[in-house]
Amino acid sequence: MIGEGSIELAGGQESIYQALLDPQLLRRAIPGCRDFEERGDSRYAAVMEAGVGPIKGTFKATVAVTDQQPPQSYALQVEGQGAPGSVFGRISISLAPSTAGQTRLHYVYDVSVSGKIAMVGQRMLDAAAKMVAAQFFKRLHEELAAR
Amino acid sequence: MKPARFDYYLPATLDEALDALHELGDDVKVLAGGQSLVPMLNMRLAQPAALLDINALRELDTITRENGALRVGATVRQGTLERSPEALSEVPLLAQALPLIGHWQTRNRGTLCGSLAHADPSAELPLLLTVLGGSVEVRSTRGSRTVAAGDLFASYFTTALEPDELIVTANLPLARPRRRYAFQEFAQRHGDFALAAVACAVELDESGRISHLALALGGAGEMPLLVETADMLGTELTAAAVATLAERAWAGCDPPNDHHASAAFRRQLVRTLTSRMLTAFAQPQEQLVR
Amino acid sequence: MIESPPRIRPQRWIGEAVPRKEDPALLTGAGRFIDDLDPFPNTYHAAILRSPHAHARILSVDAARALALDGVKAVLTGARVAEISKPFHAGISEPVHFYPIAVGKVRYVGEPVAVVVARDRYIAEDALDLIEVEYERLEPVVEIDRALERDSAPLHENVGSNVVHERSFVYGDVDGAFAAAEDVIKATFRFPKYASTPIETYGVIAHYQRGTDTYAIHANFQGPFVLHTLLAAALRVPGNRVRVLVPPDIGGSYGIKALLYPYMALIALASKESGVPVRWIEDRLEHLCASSSLTDRLTKVQAAVLRDGTVLALRLDHVDNVGAYVRAPEPACLYRMHGTSTGAYRIPAIAIHNRLVTTNKLPTGLNRGYGGQEHYFALERTMALIAKRLQLDRLDVVRRNLVHADEFPYRAPAGSVLDSGDYQAALDEALRLAEYGKLLAARDRARAQGRCAGVGLACVVEPSGSSMGYITIALPLEQRKKSLPKSGAAEAVTVALDPTGAITVRLGTAPQGQGHQTVAAQIVAEELGVSLESIEVIAEVDTQTSPWTIASGTYSSRFAPIAAVAVQSAARKVAMKLRAIAAQECGVPADDVELAEGLAIPRGERAKAIPIKRLAGLAHWNPLALPAGLEPGVYETAYYSVPILEAPDDQDRVNSSAVYGFVADICLLEVDRDTGKIDIQRYVSVHDTGRMLNPLLAEGQIRGGFAHGLGGALMEEIVYDESGALLSGTFADYLCPTAAEIPPLQIGHVDTPSPFTPLGAKGIGEGNSMSVPVTIANAVADALGIDDVTLPLTPRRVWELAQR
């Protein structure tokens, strides 16, 4: 699944870049995230419950932050596995100054889903990806606004 | 293809059901017809801690007429509606939409309210409720409320209901004398999930000008989408107007991408269906063949 | 004993439209399928943990939590399977090791990783969720083009390449023909991967008997029973310790249940490991991801032609994608049509370059039409392209190249001996039924009105009764010479009369709904002069007690050309015995005794007629009264093989099938440019079935083949994304035509009985599976005025084609 989107965030580019790498903030922003631990070397271990409608699955995931270009861009390499299948892919995030005090975040995801969830959940996957992305950035926006 | 373990509740009364929903929290699923839920249970995609089976609630198995609406209870089967001449004549759009839902066998179990609660953006009944401007009555131990179609669907497979709320009745507005209705979908096989669906309700006044126009799209985004038509009121449904609306439908939808159909193809289908449907309405009435 | 005066009225049963003997049980829910059987007490249930990854190394499998679950008996992993069994053999030189479970690596989504044996299926599935597997993902190789590249990650490191087989063949003066050609048409074709979807999925109930080190395996297996030999070898026991029992009824197969054998081994091993009998009934999710499919294929064609449309020679370059492993009987898909590569045409020279690649997809195997739909898609599209390029009438090009009626038997350059036919007459019949002139006018009228209409045509030779030798063409001559030559295609049948004269026929064919019991009863009734009702036909196979051969089973439409003859031979043995006994009793020569109306009747002496049941009684009760040289009892087994099926010769020529039918298809369709919807308005199919054994069954086979072909043409595809994830895992995503999607089919016949078999019948189950995909593709190409058509022609694809 490939998708992209943009969102306006309140705050300067530098501070937002830093905030985006804050495990506490990420834990709160990632939908269904139950655990988010830093494992050093820009790697994190997460447990998250993801789903759409009645379909839910718990995934154990590792997230690695790569290609860091502060304060412009970085990428997240995600690898998750759960009973319904596995998820792996890359999310590229870039920041650019926007109107006064605002920063524009652009994201591109290229995520592969494999196993049972891909086999039987085809109709829902595109929707699930869009929902998770939208929820994540909405919460991010709220978290940043609350700072 | 065997479900994970779950607790099973079979309440005998609506109050018992609402109490159970209240107590069970958010990890419970309501079982009505089960035509969407049971396959997901069997595939273990859904693993709720509990199932609340409402099939014993006789009080919800009723079809009545009240306040200009057909009131359809939560355990009324789609097949029952399909075989009810009264229901089909009072809400003529049902006659067009119901046969498109799955197959005879699934309609004999599946319920109208269950389909609304499931909120599949490609499903026929949420689209029907949306284009008719219907509503649902929702109950919980906290009381009852009416939720309009436009507020019911929150996102993909997600309604605006709270976990302890149960849809008890769907209200489908009755047909109006001059209003005409159409429902069309494009599916690869009969009974498949629609790649795109379009429904409309049109009323033209004596001078042929639009006095009511509701146009809704299914399979086109997070939920059934209503196309903006307010500016068309009082104008004629000309070929140019049809083209404008078809373009609006095309531009306004955000359909999914999967191996059956690209988003671009689905948008094209939305445009084609819209255009063909409205063109039929633009013809003089006597030429219409239902 | 004679209750009424006999009147000889010879009853003809063969060729009659007799209703199926099988139907009363099936239609009243009294069939006995694999999951209806309960052969062993205390049988446990298996569930299979399957790979979520297309290509990954298995770093660890931890089943401790699963084993701790109450009700779980055992967990079998790939590492253990490798210790207690051997990989299955396949007919290529390269060492592609195939076990029934992933060993060390997973190579496709859905590949078995562990088997849980538990008290019931619910617990078994609960336990699956508790097994922890650590994987290291590897580069997925999904498409043929990637597999051909040298740097693609090899699925089988010991082979070192994803090209696991390559052979070239030249028959006739191909270079000379291309030098003499006035034009050369070149085209590339891709054929998609699709499958069979029987209502009943796979099922196995296996019991390892420790005391005797034997396996009893009940399975809805369709043969070929050569796979029994491979199964025994993999289980490391002689064949007589693997008792395979096929249930009385099988709920469809269309080829796919041949590939049940790896699961037969897996569940047998699970029984051995757990010490209890084990039942595994495949669910639909498993079936759609991990049973079998046909190959997807890349074909490049060059045709050397004259300006008048004569085809002088073909060069075919095939790349067949067998998925993750080469599972026997692969590479048969690539070689089934080999001898018949020139199709229905008298093309004197052909060069064939064959490659087999492995990719991270479901492994392949038999599928109705096996190899035919891939082959004819390229050949019949090419014939259409030749006509278009040379601006000739499509019919003229076909007619100019078809084998003539007076050329049969026709030896094709690659070896097939086309036994009989009148292809021109069959095509003419199709044109007549289709009212071809009106059809073209309807197309042109639609076009004039701005609609998009097209006419498609295809002529295919339908081989039936595969030779056991054709697969050995995959091996180079020197390697082939090292083992026994393989020829023929035998089947075995027993006909027995008990002391009351009741007749039992025992087949080794393991039918899956074809109606073998009905046809066998027709043949026996006709040979013995008895009623259909007096005959019981047992189709359940037991490898310990049934007659069978290495070729037994139901595949390659072999019942009509081969098994039916074995039925006839066994019945004739019985008839000879009955007539010999009657002859002695009546004092007439055996040649003068006729069997009719349940009686043995001396010619011209009806009053002396003896009921068959009395003759049977005599053979059982009074052996001393039998004519000299006759054995007691009436129990006759006949083995029949087709004499013309010789082993491949030193020039790599092989007659791959016993007999060859023919199908001529014509189709008119319209395409909705805005929605991509195809509306098939007319479809005519004319068949050469040789001698027809039962018109009702023949029609059923044709309609079934048509539906399957239609699925391949319009909707069926096993879809993987670029990461190798399977996307078509349910019937909402893998679409098959249902009754509502199948347009009317008009069937015609121009039948030419085969001179090479006693009955002259030809198989008929697969012709339309081969012909329909390309016929519809030709019609869509005609409608849209395009050359490049890819299947399946889903609305989305047609819409995209129409936008070009």
Side-chain angles (χ1 to χ4, degrees), chain A residues 1-7 30-34 47-60 80-87 89 107-139 141-142, chain B residues 1 3-4 6 26-32 34-51 114-115 117-123 126 153-159 161 163 187-188 192-195 219-223 254-263 266:
Chain A
M1 285 175 300
I2 298 170
E4 62 180 317
S6 292
I7 184 170
I30 295 171
C33 187
R34 292 215 305 249
V47 177
M48 60 183 286
E49 201 168 81
V52 49
I55 297 181
K56 287 194 187 80
T58 303
F59 293 86
K60 281 185 188 171
Q81 203 178 319
S86 64
V87 181
Y107 62 90
V108 179
Y109 60 82
D110 183 351
V111 179
S112 295
V113 179
S114 194
K116 194 198 278 180
I117 190 82
M119 281 161 51
V120 306
Q122 261 313 297
R123 297 186 56 241
M124 320 236 175
L125 280 179
D126 203 56
K130 281 180 182 164
M131 263 176 86
V132 170
Q135 281 173 19
F136 172 73
F137 288 107
K138 181 167 168 270
R139 290 192 194 188
H141 180 73
E142 289 163 5
Chain B
M1 282 274 221
F6 54 82
D26 62 357
D27 205 6
V28 55
K29 288 300 297 178
V30 174
L31 176 69
Q35 298 305 294
S36 298
L37 178 60
V38 172
M40 285 192 283
L41 291 173
N42 285 347
M43 293 189 284
R44 296 189 175 221
L45 290 175
Q47 301 194 11
L51 278 194
S115 174
H118 187 51
D120 184 329
S122 299
F153 305 109
S155 185
Y156 304 99
F157 302 93
T158 308
T159 64
L161 300 192
Q188 282 170 280
D192 282 345
F193 294 111
L195 298 182
E222 281 184 89
M223 59 193 88
D254 178 22
N257 228 333
D258 64 29
H259 77 274
H260 291 303
S262 60
R266 284 183 158 98

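Just so we're on the same page: letters track the sequence lines, and every chain starts at 1. Since the model is a prediction, treat every value here as computed from it, not as a measurement.
For A/Val52 against B/Tyr156, the heavy-atom pair with the smallest separation is CG2-O, 3.7 Å.
Proximity of A/Asp126 to B/Asp258: side-chain heavy atoms (C-beta onward) are nowhere separated by under 4.5 Å. Between A/Lys130 and B/Asp254, some side-chain heavy-atom pair lies under the 4.5 Å cut-off.
With a threshold of 4.5 angstrom between heavy atoms, B/His118 approaches chain A through side-chain atoms but not through N, CA, C or O. Heavy atoms closer than 4.5 Å to chain A are found in both the backbone and the side chain of B/Met43. For a residue to count as touching a neighbouring chain, one of its non-hydrogen atoms must lie under 4.5 Å from one of that chain's; by this rule B/Asp120 touches chain A with the side chain only.
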Begin with the C-alpha distance, continue with both residues' side-chain angles, and end with the deciding distance and a verdict on side chain to side chain contact (heavy atoms under 4.5 Å, CB included) for B/Leu45 and A/Met124. CA-CA 11 Å; B/Leu45 290 175; A/Met124 320 236 175; over 6 Å; no

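The choice from A/Gly51, A/Gly53, A/Pro54 that makes the most heavy-atom pairs within less than 4.5 Å of chain B is A/Pro54.
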